[in-house]
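Below is one structure, written out as structure tokens; comments come after it.
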Amino acid sequence: MSILSPVRLQPITVTKVWGASKMLGPLSEHLQVEPGVGEVWLASAQQYVNKVAEGALAGMGLDELHGQFGRMLTGDSGNGEFPLTLKLLNVGDWLSVQVHGDEEEKKYKEEMGEVWHVLHADRDDTEIVMGLKIGAGRQEVEEAVERGDLTDLLAKVPARAGDTFFLPSGTVHSVGPGLAIFELQQPSSAAYRFHDWNRPDVNGAMRQLHHEKALQAITLSGHAPSEPVRRLEIYGAPNRLRLLVETPTFALLKVDATQTYRPWWGGAKLRVLFVLEGEGQMCSPGGYFAPMQVGAGQTWLLPAGLTTPLLIPAKSKLAFLEAVA
């Protein structure tokens, strides 16, 4: 059996101590979540594994899908693993201050990083933590850790709806309350907590901190960017394409389609679409698969080996984020 059609993935909701009391922003109409849900996993083959939502492959996990179809699914990306992780952060209180690391090498892979695209901000003063303040070196960090208060060294950055941030490898980071964020990254094997705002978890216990491992993974030289990345407008008239972030291993585009759209940027590669607004139809110009209904809140996997589909808006606009690997 060959995979020749787009695949819709079933989201997975995860309760977090920092999760909001409801789904923030317009997507609340399309993603029904319980109070306290902090993460909605959209596409992942590790830790939380998304399953195919419908069709002949319904119920198959993304890990199994990747194992069965390999390069037909991912093309040349991945180096043996599914190359992307997509999720939503639904934030009611500060996330733990953390840095990602590699459990075996005790450091973050140099080519890795993550993207945050702000979907919704509840108010005008929402913030994220993106790195340390200028001048904060290892000694200052170690002394702050001993005192049990890292907050004075954290670089807080305003975050507004529509902003996109790229967090380079080794960046200490956190997200403040009132934000709904789309997150894109390569699979990361570990996240080391520096600070958790001195609060208990959902079971009343204090969560474990990983100061030593975090110090090994953190980037202490320089500081993180203090403003969102600039978008690159791509000619795609009458539709609007914006390249939000491009790295050596993945890219993220924002697409506002008012007429038929054929994914083309980057060539024949794995794509994952997360629909933000509107509804429409996905079909094949060669009749390789039956037409599929597309709508806000859905996640679609487009295999690298798939003959490029067409997305046709039903009304005024179909808006989505397009991750390419």
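Predicted model, so just to flag it, every value in this text is computed and none were measured. Worth knowing before you read on, the calculation uses all heavy atoms, side chains too, and leaves out hydrogens, waters and symmetry mates.
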> Under 3.5 Å, is there a donor-acceptor pair between the side chain of Arg147 and the main chain of Glu142?
Replying inline: no
> Which heavy-atom pair separates Ala304 from Gly75 by the least distance, and what is that distance?
Replying inline: CB-N, 3.5 Å
> Run the side-chain contact (heavy atoms from CB on, under 4.5 Å) check on Tyr288 and Leu306 step by step: do they pass?
Replying inline: CA-CA 9 Å; Tyr288 294 103; Leu306 171 68; 5.6 Å; no
> Is the shortest heavy-atom distance from the side chain of Leu321 to the side chain of His117 under 4.5 Å?
Replying inline: yes
> Does atom CD of Glu212 have more than 12 heavy-atom neighbours, drawn from other residues, nucleotides or ligands, at distances under 6.0 Å?
Replying inline: no
> Taking atom types as modelled and ignoring hydrogens, do the side chains of Gln139 and Glu143 form a donor-acceptor contact shorter than 3.5 angstrom?
Replying inline: yes
>> Taking Gln208's backbone N and O only, do any of them form a donor-acceptor pair with Arg193's side chain (distance below 3.5 Å, no angle check)?
In response: yes
>> Between Val294 and Gln281, is there a side-chain heavy-atom distance shorter than 4.5 Å?
In response: no
>> For a 4.5 angstrom cut-off between non-hydrogen side-chain atoms, does Leu42 reach Leu9?
In response: no
> Below 4.0 angstrom, N of the basic side chain to O of the carboxylate: do Glu322 and Lys254 qualify?
Replying inline: no
> How close do Trp116 and Glu183 get, heavy atom to heavy atom, and via which atoms?
Replying inline: NE1-OE1, 3.0 Å
> Does one hydrophobic cluster hold both Leu273 and Leu184, with members joined at side-chain heavy-atom distances below 4.5 Å?
Replying inline: no
>> If you count every heavy atom of other residues, nucleotides or ligands that lies below 6.0 Å from Arg230 atom CZ, does the total exceed 12?
In response: no
> Donor-acceptor pair, His195 side chain versus Ser96 backbone, under 3.5 Å?
Replying inline: no
> Among Val52, Leu302, Val272, which residue meets the side-chain contact (heavy atoms from CB on, under 4.5 Å) test with Val7?
Replying inline: Val52
> Is there a chain of hydrophobic side chains (I, L, V, M, F, W, Y, each step under 4.5 Å between heavy atoms) that links Leu154 to Val141?
Replying inline: yes
> So which heavy atom on Val37 is nearest to which on Asn90, and how close?
Replying inline: O-ND2, 3.0 Å
> If you take all heavy atoms of Tyr192 and His210, which pair is closest and at what distance?
Replying inline: CA-ND1, 3.6 Å
> Which of these, Val245, Val324, Leu232, Leu244, sits in a side-chain contact (heavy atoms from CB on, under 4.5 Å) with Leu253?
Replying inline: Val324
>> Please enumerate all residues that pass side chain to side chain contact (heavy atoms under 4.5 Å, CB included) together with Gln259, with sequence neighbours excluded.
In response: Pro238, Asn239
> Under a 4.5 Å cut-off applied to non-hydrogen side-chain atoms, are Phe182 and Phe274 in contact?
Replying inline: yes
> Going by heavy atoms in the side chains, are Trp264 and Ile234 under 4.5 Å from each other?
Replying inline: yes
> Sub-3.5 Å donor-acceptor pair from the side chain of Lys133 to the main-chain atoms of Asp152, do we have one?
Replying inline: yes
> Tyr261 and Ile312: side-chain contact (heavy atoms from CB on, under 4.5 Å), yes or no, with the steps?
Replying inline: CA-CA 6 Å; Tyr261 171 74; Ile312 306 171; over 6 Å; no
> Taking C-beta and beyond as the side chain, do Trp94 and Pro177 meet within less than 4.5 Å on heavy atoms?
Replying inline: yes
>> I'd like to know whether CD of Glu34 has more than 12 heavy-atom contacts from other residues, nucleotides or ligands below 6.0 angstrom.
In response: no
> Which pair of heavy atoms, one from Met292 and one from Pro6, lies closest together, and at what distance?
Replying inline: CE-O, 3.6 Å
> Is it true that Asp93 and Arg199 make a salt bridge, defined as a side-chain N closer than 4.0 Å to a carboxylate O?
Replying inline: yes
> For Arg240 and Glu233, what are the C-alpha separation, side-chain angles and deciding distance, and is it a side-chain contact (heavy atoms from CB on, under 4.5 Å)?
Replying inline: CA-CA 8 Å; Arg240 186 183 186 192; Glu233 294 284 343; 2.6 Å; yes
>> Within the 4.5 Å heavy-atom criterion, are Pro263 and Leu311 side-chain neighbours or not?
In response: yes
> Is there a donor-acceptor pair under 3.5 Å between the side chain of Thr171 and the backbone N or O of His173?
Replying inline: no
> How about Gln298 and Gln293: do any of their side-chain heavy atoms sit closer than 4.5 Å?
Replying inline: no
> Minimum heavy-atom separation for Leu153 to Glu140, with atom names?
Replying inline: CD1-O, 3.5 Å
> So does Lys16 have more than 12 non-hydrogen atoms from other groups sitting under 6.0 Å from NZ?
Replying inline: yes
>> Is it true that, when you exclude Asp124 itself, more than 12 heavy atoms of the residues, nucleotides or ligands shown sit nearer than 6.0 Å to its CG?
In response: no
>> Could you check whether any side-chain N or O of Thr126 sits under 3.5 Å from a backbone N or O of Ala159, counting only pairs where one atom can act as donor and the other as acceptor?
In response: yes
>> Check for me, please, whether Leu89 and Val157 land in the same ILVMFWY cluster - side-chain distances under 4.5 Å, paths through other members count.
In response: yes
> Taking atom types as modelled, is there a side-chain donor on Ser44 or Gln46 under 3.5 Å from an acceptor on the other?
Replying inline: no
> Which residues pass the side chain to side chain contact (heavy atoms under 4.5 Å, CB included) test with Glu279, sequence neighbours left out?
Replying inline: Ala314, Lys315
> Parallel, tilted or perpendicular: which fits the ring planes of Trp41 and Tyr48, with parallel below 30° and perpendicular above 60°?
Replying inline: tilted
> For the hydrophobic clusters of this structure (ILVMFWY residues joined by side-chain heavy atoms under 4.5 Å, transitively), does one cluster hold both Val229 and Leu119?
Replying inline: yes
> What residues form a side chain to side chain contact (heavy atoms under 4.5 Å, CB included) with Thr74, not counting sequence neighbours?
Replying inline: His66, Ser77, Phe82, Pro83, Leu270
>> Set out, in order, the CA-CA distance, both residues' side-chain angles and the distance that settles side-chain contact (heavy atoms from CB on, under 4.5 Å) for Asp196 and Val97, then state yes or no.
In response: CA-CA 6 Å; Asp196 202 20; Val97 180; over 6 Å; no
> If you group Ile, Leu, Val, Met, Phe, Trp and Tyr by side-chain heavy-atom gaps below 4.5 Å, do Ile181 and Val14 land in one group?
Replying inline: no
> Does the pair Asp256 and Arg242 meet the rule for a salt bridge (Lys or Arg N to Asp or Glu O under 4.0 Å), with working shown?
Replying inline: CA-CA 9 Å; Asp256 293 290; Arg242 283 162 286 176; 2.3 Å; yes
